[in-house]
Every structure is written in structure tokens, then in C-alpha cells.
Amino acid sequence: MAYAATKRKRGVRQDRFSDKPASDSTIPPRLSRYKVREFHARCRGFLRFRSLVRRNKRRTTSVCLGISHHEASNLFGYKFDSSKPIHEDEVIDLVDEEDSSIEQAAKEYSSPSPPRAPKGSYLSVPLIRRSPRLKKKRAEVSRELFIPLKEEEDAQVKSAFSVRNRMKVLVFHKNSGIEIRGETLQCLKPCAWLNDDVINLYLELLKERETRDPQRDFKCHFFNTFFYVKLTRPSYNYKAVRRWTRHKRLGYNLIDCDIIFVPIHGVVHWTLAVINIRECKFMYLDSLNGSDPTILTALAKYFVDEVKDKNGKTIDISSWDMEYVKDLPLQQNGYDCGMFMLKYIDFYSRGLGLKFSQTDMPYFRVRTAKEILRLQAD
């Protein structure tokens with residue numbers, strides 16, 4: 001009897017309080033380990049995203065001009081319906097009526113995005129007219145930014161993402177010494193955070209793209225992801241990065257550039273700081289609409305020290321603006337911040353407006369992987 005009581009049939013699940021075996025319908029189906037990993041990655045990303053959003057709750061609705069809809073209505077005479085609710089993603093667009101070709105190109109080649117608010121809630125203000133040559137150039141670049149991958153390019157990316165290539169060295173960038181293995185490139189798959197190697201290599205490719213055609217893009221300098229950490233931790237120290245920008249190494253001084261890009265990595269979030277020499281201002285771009293005055297203050301101090309050290313001049317930045325850019329595409333999840341940061345750099349280095357959205361991120365991930373595998377930014 002004791003033997004019969006303790007005997008259990010293999011593969012048969014029995015109820016705790018019954019002698020009858022449980023039915024097969026109560027047994028949940030087994031998930032593959034890849035599905036389980038994706039589920040846990042999404043959970044972690046959501047929790048981190050929620051914690052970041054709580055820190056940045058001070059967000060305004062009308063972010064393009066820094067004024068409310070009512071003030072814009074009084075200033076520019078556009079219609080505002082106070083009976084309609086204002087959504088967080090509703091912004092006031094500044095559209096150049098003389099340069100509609102850029103937006104038309106973006107619509108043709110971008111992935112489908114959700115319908116925008118009614119036209120009555122947007123503000124259209126003519127800007128300074130651009131030259132025809134510049135308009136044509138901007139339109140051509142806009143088409144390049146949304147061209148779908150060819151079949152062979154898509155197959156190459158899928159092969160690089162496969163499990164059998166995880167430990168294989170896919171590419172090696174000679175100038176920077178960056179090596180990309182299959183497991184490193186996995187960060188460009190959906191729901192993954194971008195790592196330092198992928199970001200730094202892509203910034204190197206952007207610099208090489210500018211060198212190939214200097215007349216098309218602005219003259220830019222791209223710091224890597226370790227620069228700001230070296231400059232500010234544990235405290236501000238210019239001597240720690242003084243040798244990073246030697247003329248012998250770069251072939252130019254930073255004061256000769258139009259724009260300087262500085263990627264910033266917080267605890268779990270990528271943001272971008274910009275020294276815009278062309279427009280005499282320091283800019284901070286955060287895909288969660290956050291702000292950090294200490295970052296721009298440190299970069300302002302660095303720029304003064306850099307010009308004094310390399311050029312022997314004292315530059316006056318007292319009249320420069322500290323701009324926390326609010327009119328920019330925002331992420332809607334907890335893992336695309338690095339991709340948004342790279343696209344901010346990509347578009348700004350070409351002199352383009354940030355005409356993309358969250359729905360374009362899957363395409364940009366695959367496109368970035370393709371450019372890294374070919375060691376050439378388009």
C-alpha cells in the first residue's frame with residue numbers, strides 16, 4: 001500500500017487534493033528561451049522607462065516656441081479650440097513654405113506613422129528663404145535617409161544577427177581599432193540597448209562620411225562616449241582630455257568646426273549635448289524631454305579651456321544661449337534612447353530638421369547595422 005501511495009506515473013500531472021490526473025488543458029504551453037528572454041527584456045525596459053518618466057514629469061505641451069497655444073493664438077492669429085483636449089504629443093510646427101520638397105520626400109520614404117492632429121492645431125510660419133541650391137541639396141539628403149534596404153543588404157543583416165555568428169568578428173575598423181563581434185551587434189535588434197562599441201563606430205563612420213563630401217555636410221567633430229566621463233568624473237578636469245584634440249591628431253582645431261557632438265550616458269539613458277559654434281549656443285537633446293544644467297555648464301567651461309589651450313585666445317561665451325531642445329522626436333519605450341541619440345547626430349550633422357518618429361526606429365536599427373557591416377555611413 002505504501003508503494004502504491006507513493007507511486008507516480010511519469011509525464012502525468014496530478015492534482016494536490018485529488019487522485020485524478022490533471023487535464024492537459026490546465027498545463028501552460030512551454031515557451032522557447034528566446035521568447036522568455038524577450039519577455040524579461042521588455043519588462044526591465046518598461047520599469048526603467050517608467051522610473052525615468054517619473055523624474056521628468058515637468059513637461060510642457062507647446063514646446064516648439066516655448067509658449068502656450070493661447071499665447072500663440074494671440075501672437076500669430078491661428079485658431080485654437082479650447083474645447084478640445086490638448087495631447088502631450090501635440091506641438092506647434094514651424095514649416096518653411098518655400099521648402100516643401102523636404103517634407104514630401106520624408107513622407108514618401110519614411111515608414112507609416114500614426115495620423116497627426118488636425119491641421120487647425122498647428123502653426124505655419126514662413127521662415128527665412130533658403131537658396132535654391134541648398135533646398136535641392138536638403139531634399140536629396142532627405143530621400144537618402146529613408147531608402148529601404150535591398151534584399152542582399154537585408155539578408156546580410158539577418159545573417160549577422162544569427163546565433164551562429166555571435167562569437168565571430170564581423171568587422172574591424174582600422175582607424176579607431178574598434179572590433180564588432182556578432183554578440184556586440186545584437187544590441188541593434190529590437191528591444192535592446194545600444195552599447196559603446198556600436199555607437200562609437202557609427203560616429204567614426206559619420207566623420208568619414210563628412211570627409212568624403214565636405215561640401216554637403218557641416219564641419220563636425222564627434223566625441224566618443226568616454227569623453228564626457230573622462231572630463232567630469234569624479235570632478236571637472238580639463239587635463240584629463242587635453243590631449244584628445246591635438247591638431248596633429250585631428251588635423252584641425254575645435255574652434256574651426258561648425259558643430260561638436262558629445263554623447264552623454266547616464267545611469268540607464270543616452271542623451272546628447274551639442275556645442276553649436278555656428279549659432280553660438282550650447283544644446284541639450286533628451287528623447288525623454290529631460291534637462292541637466294550641469295552638463296552644458298561643464299561643456300561651456302571645457303570649450304573656453306580648449307580654445308585658450310589650443311589657440312591661445314580667450315573666447316567670450318557670456319552671450320551664448322543654453323538651449324534645452326523641446327521640439328524633437330521623443331521615444332515611447334524604455335530602450336530606444338541610444339538610437340534616438342544617433343539619429344539626432346545624423347540629421348543635425350547634415351543640417352536637417354529632425355523629421356522622424358518612434359515608428360521609424362525599427363528601420364533605423366536595421367539600417368545602422370547595414371552601415372556598420374559595410375563600414376560606410378550613407
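Everything numeric in this text was worked out from a predicted model, so none of it was measured.
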Shared hydrophobic cluster for [X] and [Y] (ILVMFWY, side-chain gaps under 4.5 Å):
| X | Y | result |
| --- | --- | --- |
| Y252 | V274 | no |
| L205 | V169 | no |
| M361 | V157 | yes |
| I345 | L188 | yes |
| L272 | I277 | no |

*Is the number of heavy atoms from other residues, nucleotides or ligands under 6.0 Å of R212 CZ greater than 12?*
yes
*Mark yes when over 12 heavy atoms from residues, nucleotides or ligands other than E152 sit less than 6.0 Å from its CD; otherwise mark no.*
yes
From [X] atom [atom1] to [Y] atom [atom2], the distance as rounded to the nearest 0.5 Å:
| X | Y | atom1 | atom2 | value |
| --- | --- | --- | --- | --- |
| D292 | H269 | CG | NE2 | 11.0 Å |
| Y348 | M283 | OH | CE | 4.0 Å |
| N237 | L231 | CG | CG | 8.0 Å |
| T294 | Y236 | OG1 | OH | 13.5 Å |
| L285 | L354 | CG | CG | 7.0 Å |
| N253 | H247 | CG | NE2 | 5.0 Å |

Smallest separation among heavy atoms of [X] and [Y], with atom names:
| X | Y | value |
| --- | --- | --- |
| M322 | A300 | CE-CB, 3.9 Å |
| V171 | L373 | CG1-O, 3.4 Å |
| Q331 | S287 | OE1-OG, 2.5 Å |
| G290 | K326 | O-NZ, 4.0 Å |
| Q186 | A160 | NE2-O, 4.2 Å |
| C257 | C220 | SG-C, 4.3 Å |

Residues [X] and [Y] bridged, charged N to O under 4.0 Å:
| X | Y | value |
| --- | --- | --- |
| D346 | R350 | yes |
| R181 | E183 | no |
| D305 | K301 | no |
| K370 | D378 | yes |
| K219 | D256 | no |
| E210 | K207 | yes |

Taking atom types as modelled, is there a side-chain donor on [X] or [Y] under 3.5 Å from an acceptor on the other?
| X | Y | answer |
| --- | --- | --- |
| T271 | Y284 | yes |
| E371 | Y202 | yes |
| D336 | Q358 | yes |
| T225 | N200 | yes |

_From CA spacing to verdict: salt bridge (charged side-chain N to carboxylate O under 4.0 Å, His left out), R242, E306_ = CA-CA 8 Å; R242 178 176 175 270; E306 173 69 13; over 6 Å; no
Can any side-chain N or O of [X] pair as donor or acceptor with the backbone N or O of [Y] at less than 3.5 Å?
| X | Y | result |
| --- | --- | --- |
| N165 | S162 | no |
| N311 | K313 | no |
| T184 | I180 | no |
| E279 | N276 | no |
| R374 | A369 | no |

*Under the side-chain contact (heavy atoms from CB on, under 4.5 Å) criterion, do I260 and F303 qualify, and how do the steps go?*
CA-CA 10 Å; I260 301 170; F303 188 59; 4.2 Å; yes
Side-chain heavy atoms of [X] within contact of [Y], under 4.5 Å:
| X | Y | result |
| --- | --- | --- |
| P263 | Y228 | no |
| E204 | H173 | yes |
| L254 | K310 | no |
| I315 | I255 | yes |
| F261 | L203 | no |
| S349 | F222 | yes |
| F282 | I295 | no |
| R365 | K189 | no |

_side chain to side chain donor-acceptor pair (under 3.5 Å) for H265 and D196? Distances and angles first, verdict last._
CA-CA 9 Å; H265 186 249; D196 293 280; over 6 Å; no
*asked:* ring-ring contact (aromatic ring centres under 6.0 Å, His included), that's the test. Do Y302 and F227 meet it? Break it down for me.
replied: CA-CA 11 Å; Y302 164 78; F227 169 78; 5.1 Å; yes
*Over 60° means perpendicular and under 30° means parallel, so classify the ring planes of W244 and F223, tilted if in between.*
tilted
*Does NZ or CZ of K343 come closer than 6.0 Å to the centre of the six-membered ring of F364, within 45° of the ring's axis?*
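Output yes; distance and angle both within limits.
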_Determine whether F218 and R278 satisfy the following criterion, side-chain contact (heavy atoms from CB on, under 4.5 Å), listing intermediate values before the conclusion._
CA-CA 9 Å; F218 290 135; R278 202 167 157 271; 3.4 Å; yes
*For R216 and R209, run side-chain contact (heavy atoms from CB on, under 4.5 Å): C-alpha distance rounded to whole Å, both residues' side-chain angles, the deciding distance at 0.1 Å, then the answer.*
CA-CA 10 Å; R216 186 181 70 169; R209 181 184 69 186; 3.5 Å; yes
*asked:* For F356 together with F347, are the ring centres under 6.0 Å from each other?
replied: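 Centroid separation for F347 and F356: below 6.0 Å.
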*Is the centre of the W270 ring less than 6.0 Å from the centre of the Y335 ring?*
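Not close enough - the centres of the two rings lie 6.0 Å or further apart.
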*asked:* The test is side-chain contact (heavy atoms from CB on, under 4.5 Å); show your working for L330 and N289 and say whether it passes.
replied: CA-CA 7 Å; L330 301 178; N289 246 351; 3.7 Å; yes
